Amino acid sequence: MALLSRLLSWLVPILVVLYAVFYWQVITNRKYFTNDVKLNGKTTIVTGGNSGIGWWTALDFAQRGARVVLACRNLKKAEDAAKEIKMRTGNSEVVVRHLDLASLQSVREFSNKIIESEERLDILVNNAGLARLQHRAKATEDNFDLVFGVNHFGHFLLTNLLLDLLKKSSPSRVVTVSSSGHRYAKEPMNLTREDPAVASLLYPHLEGYKISKLANIQFGRELARREASSGVVSVSLHPGTIYTPIWKNAMTDDTVWWKVLYYILSPLMWLSMIDEEAGTQTTLHCALDDSIPQLSGSYFDNCQVMAPSALAEDDEMARRLWQVSCEATGLKCTSTN
Ligand SMILES: *[C@@H]1O[C@H](CO)[C@@H](O)[C@H](O)[C@H]1NC(C)=O
């Protein structure tokens, strides 16, 4: 017992110091986007712009003079977020539109409204994301896994429906927020479609966070390839390990044990993760930096190009995913050129 306590009295301070050094490294190595590009006369859309890094992205765009559309599921929260952004920036061109990425019908309605009401679209940020810690069978309206459906299929359809507007406004950009979590996806995607009578999900193997984030990168690359000559630039990124509501949403919408664990761990998470403003910099870099048009198709981390996993760079799989995504979302797709 005495030995243990003596050991701990040494060990704990050493761990704290090591941790502080590590965290200092993380913080001081973070790059910030400092270019003062203006966005007057430009229109931007940020999915999930009511909270987390989506909100900070929207705030930054508004500060630069853009018209900003917050595409959100919860209108009340989105209105509050828009009000706060308007107050802080003095920019009145911040609007809220309803978008539920877990419903293809909602994605279509949203896109139709945008096409009717907006003259142009310069930057689309596919930012909204959902995570779940444990597998729990939840499906979207269209019978996709909830996480995969929101993170990939919803954004896939959204981007494609808005593509003509993006082309019309070119040079324009599509920025898709992925995650380094895609590296945990170790198997090629199984894109088999199942009979609904047999399986609970239409694409039973397309589920969960890591596969959805892998799909985000493949989508970003394939879009870049397809639009190489249209002036629509597409990139994806890892925003950092950030203390955002994604953790709370994932952990408290689970068993009571995860809930308890969340409240125990959240101070530690707050201490060990970068904050939301720091976590928005790579999105801003991708959306605004002059170097990006030459780097279409790339994946970014900490404001620089980074190689994603080998699976994420499998172009053949990206093409097949694109085809399957067309079938899944009912989109008429031109054959890959
Ligand atoms: C994909 O899933 C189907 C069942 O849904 C299975 O029959 C098939 O073997 C799987 N393919 C691979 C490559 O794992």
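Everything numeric here is computed off the predicted structure, so don't read it as measured data. Note: hydrogens, waters and symmetry copies are ignored here, and every other heavy atom, side chains too, is used. Read the numbers this way: they start at 1 and go in the same order the structure lists the ligands and their atoms.
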Please output the side-chain donor-acceptor pairs of residues 77-87 that fall under 3.5 Å, not counting sequence neighbours, one pair per line with the distance.
residue, atom, partner, partner atom, Å
Asp80, OD1, Lys76, NZ, 3.3
Asp80, OD2, Lys76, NZ, 2.7
Glu84, OE2, Arg88, NE, 2.9
Glu84, OE2, Arg88, NH2, 3.3

Residues 280-288, side-chain donor-acceptor partners within the protein, below 3.5 Å, at least two apart:
residue, atom, partner, partner atom, Å
Thr280, OG1, Glu276, O, 2.6
Gln281, OE1, Phe33, N, 2.9
Gln281, NE2, Glu277, O, 2.8
Thr282, OG1, Asn302, N, 3.3
Thr282, OG1, Cys303, N, 3.1
His285, NE2, Cys303, O, 3.4

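Near ligand 1, Asn190, Thr192, Glu194, His205 each place a heavy atom less than 4.0 angstrom from the ligand.
In terms of heavy-atom proximity, Val147 sits nearest to Leu130 at CG1-O, 3.4 Å.
Between Phe148 and Tyr209, the distance from one ring center to the other does not fall under 6.0 angstrom.
For Phe22, the CZ atom is loosely surrounded, since the number of other residues' heavy atoms within 6.0 Å does not exceed 12.
Residues satisfying the side-chain hydrogen bond (donor to acceptor under 3.5 Å, both in side chains) test with Ser169, not counting sequence neighbours, are none.
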